[in-house]
Amino acid sequence: MHAAFLTALLWSMSSVASARAARFIGAVTANRLRLTLATALLALCALLAGPLDALPGVGWFLLSGAIGLALGDLSLFLSFERLGSRLPSLLTHCLAAPLGAMIEWLWLGHGLTRAEALGGGAILIGVAVALAPGGPTGIPRARFWSGVGFGVMSACGLALSAVVSRKGFEGHEHVTMSTMIDVSMVRGLGGTATVWLLWPLAALVSRSTAIPAERSWRRGWPWLVFSAVVGPGGGALAYVVALSQAGAGPVQAVVALVPIIVIPLAWWIEGDRPSWRSVLGGMVAVAGAVGMAIGR
């Protein structure tokens, strides 16, 4: 599970960088350019790694990229734009654990253990505590709940994408590093093609829910490049390696550590100091995710 822990670290850094890029450049534009740059980097890595491997599940990997990297990440960026990096990370990475395990159960027949069910319940309780009304947040109510909604949509995209990738790996008897680089590139291609096709619709949704933001390409592009490298670039590759070795439920359980890692980063970079309720809820949710991994 080392690859899953590396994914959690890289995605934590990407969450904060992505939130900054969304604020300075705009969610739709930042997500589209970030994914395009990351896919170009993965394509370069695939060429340097040698001839492309035969991918029996190439259709599944394209679909996984379209669901997770296009639809899921777009929802995540819209949530980042409204809430910063901390709460969207909690919603996405904690809720994806029980959702991924449930989809595997319903689709692939991988049953849930009692420990997994209890862990999923703990995650829901923790998320509810973290989102419960407390002191003033400085975020308008409509903006807050739209951000929460996009965060939940992001979790659904991440969970379904993980299971679809797992389905794609069923056609591979021997998975090498070259294969995993190729899979990451194919997922990136599926996501990039989808996000460009949906650009007009995504821009319309963004305009209809527009919020005041400080637009500055000069301040936003370094965050954009860094986010591309550690998120859909290196982070996505580590994620594919993890999925090739374990089920979507356990992998998402480890990746659920992202909200805990993000807390000090968001406090330091964004000045987002969490309330005791948010910290407690996040810890309960992550504990539930870890319980799911143990139960698996």
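Numbering starts at 1 and runs along the sequence shown.
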[Y] and [X], any side-chain heavy atoms less than 4.5 Å apart:
X: F80; Y: R23; answer: no
X: V183; Y: V58; answer: no
X: P88; Y: S15; answer: no
X: L76; Y: F150; answer: no
X: M13; Y: F226; answer: yes
X: V148; Y: L87; answer: no
X: L95; Y: L158; answer: no
X: R82; Y: F144; answer: no

### Task
For ring-ring contact (aromatic ring centres under 6.0 Å, His included), just list the numbers for W217 and W223, CA-CA rounded to whole Å, side-chain angles, deciding distance to a tenth of an Å, and then say yes or no.
CA-CA 10 Å; W217 273 96; W223 294 108; over 10 Å; no

### Query
Where do F5 and L257 land on the side chain to side chain contact (heavy atoms under 4.5 Å, CB included) test, with the steps shown first?
CA-CA 8 Å; F5 282 105; L257 292 172; 3.5 Å; yes

Going hydrophobic residue to hydrophobic residue with side-chain gaps under 4.5 angstrom, can you get from [X] over to [Y]?
X: L63; Y: W107; result: yes
X: L35; Y: M153; result: yes
X: V284; Y: L99; result: no
X: L197; Y: V28; result: no
X: W276; Y: V127; result: no

Can you see which heavy atom on [X] is nearest to which on [Y], and at what distance?
X: S85; Y: V262; result: OG-CG1, 3.7 Å
X: V164; Y: W60; result: CG1-O, 3.1 Å
X: E104; Y: R166; result: OE2-CG, 3.7 Å
X: G191; Y: L69; result: CA-CB, 4.1 Å
X: P98; Y: I123; result: CD-CD1, 3.6 Å
X: W267; Y: P274; result: CE3-CD, 4.2 Å

Working to the nearest 0.5 angstrom, can you tell me the gap between [X] [atom1] and [Y] [atom2]?
X: L224; Y: T29; atom1: CG; atom2: OG1; value: 10.0 Å
X: L71; Y: N31; atom1: CG; atom2: CG; value: 10.0 Å
X: L78; Y: L83; atom1: CG; atom2: CG; value: 11.0 Å
X: L42; Y: L189; atom1: CG; atom2: CG; value: 9.0 Å
X: I181; Y: L48; atom1: CD1; atom2: CG; value: 9.0 Å
X: I261; Y: H93; atom1: CD1; atom2: NE2; value: 10.0 Å

#### Entry: Chi angles and distances behind the side-chain hydrogen bond (donor to acceptor under 3.5 Å, both in side chains) call for S64, S161
CA-CA 4 Å; S64 173; S161 173; 2.8 Å; yes

### Query
Who are the salt bridge (charged side-chain N to carboxylate O under 4.0 Å, His left out) partners of R187, not counting sequence neighbours?
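Salt bridge (charged side-chain N to carboxylate O under 4.0 Å, His left out) list for R187, sorted by chain: empty.
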
### Task
Return each pair, listed once, that meets salt bridge (Lys or Arg N to Asp or Glu O under 4.0 Å) where at least one residue sits in residues 257-272; pairs must be two or more places apart or across chains.
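Residue pairs passing salt bridge (Lys or Arg N to Asp or Glu O under 4.0 Å), neighbours aside: R86-D272.
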
### Query
Can you pull the salt bridge (Lys or Arg N to Asp or Glu O under 4.0 Å) pairs that have at least one residue in residues 63-78, sequence neighbours excluded?
R34-D73

### Query
Is a side-chain N or O of T39 found less than 3.5 angstrom from the main chain of G188, in a donor-acceptor match?
yes

### S14 (side chain) donor-acceptor with L10 (main chain) under 3.5 angstrom
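Absent.
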
### Message
Apply side-chain hydrogen bond (donor to acceptor under 3.5 Å, both in side chains) to residues T192 and T36 and explain how you reach the verdict.
### Response
CA-CA 6 Å; T192 300; T36 302; 4.8 Å; no

### Message
Does atom CH2 (W199) have a neighbourhood of more than 12 heavy atoms from anything else shown, all under 6.0 Å?
### Response
no

### Query
Do S75 and S154 have side-chain N/O donor and acceptor atoms under 3.5 Å apart?
no

